[in-house]
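Shown next, in structure tokens, is the structure this report addresses.
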Amino acid sequence: MIIALAVMMLSLDYKLAIICFLLIPFVALTSIIITKISKNVREYSKNVKTKLNIFLDESIYGVKLIKIFNRQYEKEKECSELCNKFYKSRIPVAFIEGFLIAFMVIFENLGVAFIIWTCINHLFNINLEIGVIYIFITYLKQIFEPIQRIVENFETIQEAVVSINKIYDILDHKEYLEDFKKGTSIDKVNGKIEFKNVWFAYEGENWILKNVSFVINPGESIALVGRTGSGKTTIINLINRFYEIQKGEILIDGINIKDINLHSLRRKIGIILQDTFIFAKSIRDNIELNEKLSDEEIMETIHLASAEDFIKSLPNGIDEIASERGNSFSAGQKQLIAFARIFAHSPSIFILDEATANIDTKTEELIQYSIDKISKEKTSIFIAHRLSTIINVDKIIVLDNGQIIEQGNHNELMCNPDGYYSKLYNAYYTNLVV
């Protein structure tokens, strides 16, 4: 529209049109200056808004904890401060937005005044009829109309740019980049896992694992034991290739996991965490995870997970819809669903991170029976603080400060009375007796 109107103005009187177009550099220069100022102001306002959103999200999700510790007043005060800070950050944004619109109106009216003044004084030998002057003024106003619409949407565009920059900060972060197409696909996994001189740190050279080496043979069950922060969960994360190691190699069936296609690798690994996540969908959907299974197959996995009584007690059975994050179920019930989920997908490698912590003793015994039955054919890795649950595993790996300090089965480790595991086990049972 702007180009078409400009051509029409040039065809009526090119001299007057060129004089009108002289306003464009001033409009462009002022817009560029305001845009640069506006970018910093909007970015600051967006950051404050992000903090406010994070606060609200955490407060809503952690409302029980806030009530338990009676922190309502402090949280209300913090919310008020953040809202006030956000309000103040929006004032300069509103001022710039209003100034831009006013600035465009001023330049539009200056253009109209300049046309009239030029024609009245016959400058540059311009001598136009009143009708042509009226058309010129109309065209000029029509040129500024789409420009004003652009300016009116300027806030949305600027906020979008700031948001896009934040998204690119995440997408360009190397730790978050995962290529699901690269690598060799594996159809069958025997389950041999080998760590060769593995060093790993989340940041810099603050090593979480230091020269860790061990072998898990196919169908073997092992347990990772050690104090909090010794590197147990980190080993699980590295097997799933959630992070890349800095030194050494991790092999599955003799293949470096860096050369294995991520999608096929993770399909062969089943993991149950202590903090189970449940989607706000039906129990059926939470077990299937978009892989269609028959009712018979789902019920079989529920039986293996000893979740039959719990699911039959629900009004809609396996079609019962879970609330957000599964809050309508207890921690133990969510873990039973997680066990049914992992049994349904039948991975080659089982990983259980303190997975029975929230389950009652009777149900735990039933699930343990199912785990023992399946782990005879699968490679299994257990992280457990209750040492009674790992006595029968083939191998126990004891970690301390990111290093392996002991390896062997229960009986072998107990033969060393001064060993870390032996002391830990004796202390555990002493506490139980007391």
Side-chain angles (χ1 to χ4, degrees), residues 189-198 209-240 248-254 269-274 339 342 347-357 359 361 364-433:
V189 170
N190 294 320
K192 183 178 180 181
I193 302 171
E194 188 174 359
F195 273 55
K196 285 186 175 181
N197 308 113
V198 172
L209 297 181
K210 305 168 187 175
N211 199 30
V212 171
S213 297
F214 62 84
V215 177
I216 307 172
N217 293 311
E220 197 172 42
S221 60
I222 73 140
L224 300 174
V225 175
R227 68 184 70 184
T228 302
S230 59
K232 303 185 297 295
T233 302
T234 299
I235 288 174
I236 289 173
N237 289 334
L238 295 180
I239 292 171
N240 281 277
E249 287 182 306
I250 301 174
L251 310 175
I252 291 182
D253 289 351
I269 300 172
I271 182 168
I272 299 181
L273 301 172
Q274 186 174 352
F339 271 104
I342 199 172
S348 302
I349 299 169
F350 276 91
I351 299 175
L352 287 79
D353 185 356
E354 197 64 40
T356 58
I359 297 173
T361 305
E364 183 185 354
E365 287 175 359
L366 293 170
I367 290 177
Q368 193 65 48
Y369 174 77
S370 299
I371 292 170
D372 291 342
K373 184 179 177 182
I374 292 171
S375 61
K376 289 178 181 177
E377 304 169 358
K378 314 284 185 180
T379 301
S380 306
I381 302 172
F382 302 94
I383 293 178
H385 293 105
R386 283 188 283 186
L387 300 183
S388 58
T389 61
I390 60 169
I391 291 174
N392 297 321
V393 299
D394 298 315
K395 185 191 295 182
I396 297 169
I397 296 173
V398 184
L399 293 158
D400 186 41
N401 195 27
Q403 294 178 302
I404 295 176
I405 56 174
E406 290 179 320
Q407 285 191 68
N409 60 36
H410 173 73
N411 292 329
E412 290 170 348
L413 295 176
M414 288 300 293
C415 288
N416 181 10
D418 296 323
Y420 182 91
Y421 178 80
S422 178
K423 289 179 179 178
L424 188 70
Y425 185 82
N426 289 328
Y428 173 76
Y429 270 95
T430 300
N431 289 333
L432 285 181
V433 172

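- Residue Ile269 holds its CD1 atom at 7.0 Å from CD1 of Ile239, rounded to the nearest 0.5 Å.
- Distance alone, capped at 3.5 Å, places no donor-acceptor pair between the Lys232 side chain and the Val225 backbone.
- Listed by chain and residue number, Ile272, Pro347, Phe350 satisfy the side-chain contact (heavy atoms from CB on, under 4.5 Å) test with Ile342 (two or more places apart in sequence, or in another chain).
- The heavy-atom pair separating Ile383 from Thr233 by the smallest distance is CD1-N, 3.9 Å.
- Side-chain N or O atoms of Asp253 include one that pairs as donor or acceptor with a backbone N or O of Gly191 at under 3.5 Å.
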Throw together a table of side-chain donor-acceptor distances under 3.5 angstrom for residues 394-403, partners on residues two or more places apart or in other chains.
from   : atom 1 : to     : atom 2 : distance (Å)
Asp394 : OD2    : Ser221 : N      : 2.9
Asp394 : OD2    : Ser221 : OG     : 3.4
Lys395 : NZ     : Val215 : O      : 2.6
Asp400 : OD1    : Arg227 : NE     : 3.2

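- Partners of Ser230 according to the side chain to side chain donor-acceptor pair (under 3.5 Å) rule, which considers only residues two or more places apart in sequence or in another chain, do not exist here.
- Distance check: Thr379 OG1 to Asn217 CG gives 8.5 Å after rounding to the nearest 0.5 Å.
- The two residues Ile404 and Ser213 have their closest heavy-atom pair at CD1-O, 3.4 Å.
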Show me, pair by pair, the donor-acceptor contacts under 3.5 angstrom made by side chains of residues 411-418, not counting sequence neighbours?
from   : atom 1 : to     : atom 2 : distance (Å)
Glu412 : OE1    : Asn409 : N      : 3.1
Asn416 : OD1    : Asp418 : N      : 3.3

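- Listed by first and then second residue, the ring pair (Phe, Tyr, Trp, His ring centres under 6.0 Å) pairs involving residues 400-420 are His410-Tyr421, His410-Tyr425 (not counting sequence neighbours).
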CA sep, side-chain torsions, deciding dist, call: Leu224, Phe382, side-chain contact (heavy atoms from CB on, under 4.5 Å): CA-CA 6 Å; Leu224 300 174; Phe382 302 94; over 6 Å; no
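- For the atom pair CD1 (Ile216) and CD1 (Ile222), the distance works out to 3.5 Å, reported to the nearest 0.5 Å.
- Listed by first then second residue, pairs satisfying salt bridge (Lys or Arg N to Asp or Glu O under 4.0 Å) with a partner in residues 189-198 number zero, not counting sequence neighbours.
- Counting all heavy atoms, side chain and backbone alike, Asn190 lies closest to Pro218 at O-CB, 3.3 Å.
- Summarising the geometry, atom CZ belonging to Phe195 is positioned 12.5 Å from atom CG belonging to Asn211; distances are rounded to the nearest 0.5 Å.
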Checking side-chain contact (heavy atoms from CB on, under 4.5 Å) for the pair Leu251/Ile193: CA distance, chi angles, key distance, verdict? CA-CA 6 Å; Leu251 310 175; Ile193 302 171; over 6 Å; no
